[in-house]
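Values below: all heavy atoms of this structure, side chains included; hydrogens, waters and symmetry mates excluded. A quick note: this is a predicted structure, and the numbers were derived from the prediction, not measured. Order of the sequence lines sets the chain letters (A, B, ...), proteins ahead of strands, with each chain counted from 1.
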Protein chains: 2
Amino acid sequence: MIESQEFQEPLVNTEQRILDAAKLLFVQKGMDGTKMQDIADSAKISRTSLHYYFRSKQKLFEAVFYDQFDRFLPRVTKIMEQEITFEARLGQFVDKYLDLFLANPYLPNFMMNELNRDPEKMIELFAGEGLFSKRVREQVEGELRLMNPSLEASHFILNLISLCVFPFIARPMVKAFLINGEKDAFSHFIRERRAIIVDTLMCSINDAK
Amino acid sequence: MIESQEFQEPLVNTEQRILDAAKLLFVQKGMDGTKMQDIADSAKISRTSLHYYFRSKQKLFEAVFYDQFDRFLPRVTKIMEQEITFEARLGQFVDKYLDLFLANPYLPNFMMNELNRDPEKMIELFAGEGLFSKRVREQVEGELRLMNPSLEASHFILNLISLCVFPFIARPMVKAFLINGEKDAFSHFIRERRAIIVDTLMCSINDAK
DNA sequence: TATATGTTTGACAGCTCTGTCAAACAGAAT
DNA sequence: ATTCTGTTTGACAGAGCTGTCAAACATATA
């Protein structure tokens, strides 16, 4: 058997084209609102071919889901382990997530939809990961206690996540009302937020009231 | 014709029972994921009766939608017009929204789903209302400029909305990881947030860096 | 009692969606 | 040329969902 790989790619990998099309449609119209025909059309293949690649709609959805989910939990341990100030670590964390969402604008919505459709599945998947892991959580609690004992870690973490994630969830709203529709205005606006989020959170810590 | 009203209500108003059931299902499973049969079962009537009350699924959905939407835009002008400090007004605003969402826990998700399903419809409906109205917006801009000229109103408003709304959108997550599943823990947690949100936002203003 | 109005239901027609199959097609290996 | 593998497609069967209709039912009025 002669090894004759790398000959595929008609124009661009069909499987990836399907995943891209499916992701977009699943996010916009939901799992049930999206028909296999829609995905096939969008990927420029026949619906039967779609079934050839992903046997069923459920399987396709799961493929899209896990593909997205894996991106959602970048290892924060690297950030946590660094011997730098709390503020610097916070900055890195915010950076990482804003960049992630800018590169994958549909990720937050996708995750929130699933969270409400099937909370138990999502909670199980999230359990012990990232900010929800015991280790990270306890470290944040310890550091916060030193700086401002009256500020509960739960609220601080929720503030952090809210400020990072919500603008993407409400993106059409932000685009329409908070920025003036210039080209690339949204990503510019988000990059401005990096410093704003860090400042806001830091001063909520330092504000020993 | 003798006026013989108020004789209906078998046990409780059927129409309202339908709306309640439909709201819950539409939020959890989406418009397309919800079948008329599901709603009928949940409201304890036959599917045909459901059609009798709301001719079509679309009409039922719209009824639910506008019923929800109307709650979503409490008149903030009353708050804006009061001659009180900025902080006091901010507090009233946060109060009003947290109470609203506590009483209608599915509202934020419902609105965000629709925002992504049909952004133009939502933007049109929101335009000029509440925080997005020109009047309110300019007042906030003016007041902020006096206190901290380097803080843009867009970011401030987005921070405010993020901190108020996101915890409800991610509610299952908050319940699972940030509070320890006690009875009424969520609403208690949210009431704690009232002061935290106001403090956080105020100190982001005062922090003239 | 008879009649009118409002409500509920079972049955049906029509449509849409999914998933399968067998056949056609393309290209590489023999 | 033919054989084999992987890909694409049209056609079909089956299931589920919506919306309508006519008939039954309940209740109040005349």
Side-chain angles (χ1 to χ4, degrees), chain A residues 1-66 113-114 117-118, chain B residues 1-66 113-114 117-118:
Chain A
M1 293 113 184
I2 299 151
E3 61 282 3
S4 52
Q5 288 97 327
E6 55 257 72
F7 54 86
Q8 289 164 325
E9 249 86 342
L11 267 165
V12 57
N13 186 2
T14 306
E15 201 163 313
Q16 192 57 50
R17 244 176 39 234
I18 295 175
L19 285 172
D20 290 344
K23 175 183 66 179
L24 207 66
L25 288 166
F26 280 149
V27 171
Q28 282 172 353
K29 308 160 67 119
M31 153 86 161
D32 301 289
T34 304
K35 309 300 162 205
M36 290 298 261
Q37 187 67 64
D38 302 339
I39 299 170
D41 291 348
S42 172
K44 312 254 191 240
I45 53 171
S46 72
R47 193 176 57 81
T48 320
S49 275
L50 190 50
H51 279 281
Y52 173 76
Y53 282 91
F54 299 88
R55 193 172 304 280
S56 70
K57 186 178 178 181
Q58 183 59 32
K59 286 222 185 335
L60 172 56
F61 183 80
E62 277 167 19
V64 171
F65 174 80
Y66 287 108
N113 279 347
E114 282 309 288
R117 239 177 42 115
D118 191 346
Chain B
M1 294 113 184
I2 300 150
E3 60 282 1
S4 54
Q5 287 98 327
E6 56 255 72
F7 53 88
Q8 290 164 323
E9 251 82 346
L11 265 165
V12 56
N13 186 2
T14 306
E15 199 161 316
Q16 193 55 48
R17 244 177 38 236
I18 294 176
L19 286 172
D20 290 343
K23 176 182 66 177
L24 207 66
L25 288 166
F26 280 149
V27 171
Q28 281 172 354
K29 308 162 64 123
M31 153 85 161
D32 300 289
T34 304
K35 309 302 163 202
M36 290 298 262
Q37 188 66 64
D38 301 340
I39 299 170
D41 291 348
S42 173
K44 312 250 189 246
I45 54 170
S46 72
R47 195 174 56 82
T48 319
S49 275
L50 190 49
H51 280 282
Y52 173 76
Y53 282 91
F54 299 88
R55 193 171 304 279
S56 70
K57 185 178 177 180
Q58 182 61 32
K59 286 223 186 334
L60 172 55
F61 183 81
E62 276 166 21
V64 171
F65 174 80
Y66 287 109
N113 278 348
E114 281 309 287
R117 239 177 43 112
D118 192 344

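The interatomic distance linking A:E15 (CD) with D:dG6 (P) rounds to 14 Å, in whole Å. Separating the CZ atom of A:F61 from the C1' atom of C:dT18 is a distance of 17 Å, rounded to the nearest angstrom. Rounded to whole Å, the distance from CD on B:Q58 to P on D:dT20 is 14 Å. The interatomic distance linking A:Q37 (CD) with D:dG10 (C1') rounds to 12 Å, in whole Å. For the pair B:M36 CE and D:dT20 C1', the computed distance is 13 Å after rounding to whole Å. The NZ atom of B:K44 sits 15 Å away from the P atom of C:dT8 (whole-angstrom rounding).
Of all nucleotides listed (D:dT18, C:dT18, C:dT9), C:dT9 comes nearest to the side chain of B:S49. Distances were taken from every side-chain heavy atom of A:R47 (C-beta onward) to each of C:dG19, D:dT20, C:dT7; the shortest belongs to C:dG19. In this structure, of C:dG19, D:dT20, C:dT7, it is C:dG19 that holds the atom nearest to the side chain of A:H51.
Side-chain atoms of B:R17 come within 3.5 Å of backbone atoms of B:A43 as a donor-acceptor pair (strictly under, hydrogens ignored). Between the side chain of B:K29 and the main chain of A:D32, no donor-acceptor pair closer than 3.5 Å is present.
Taking a 6.0 Å sphere around NZ of A:K35, one finds it holds more than 12 heavy atoms contributed by other residues, nucleotides or ligands.
Taking only side-chain nitrogens and oxygens, B:K57 comes nearer than 4.0 Å to OP1 or OP2 of D:dT18. Between A:T48 and D:dT9 there is no side-chain polar atom (N or O) within less than 4.0 angstrom of OP1 or OP2. Not one side-chain nitrogen or oxygen of A:Y53 sits closer than 4.0 Å to the OP1 or OP2 atom of D:dG6. A sub-4.0 Å separation between OP1 or OP2 of D:dT8 and a side-chain N or O of A:Y52 is absent.
B:S56 comes within contact range of the sugar-phosphate backbone alone, with a heavy-atom separation under 4.0 Å but no base atom that close.
Tested against A:I39 for a side-chain contact (heavy atoms from CB on, under 4.5 Å), the candidates A:L19, A:L25, A:L24 yield a single pass: A:L25.
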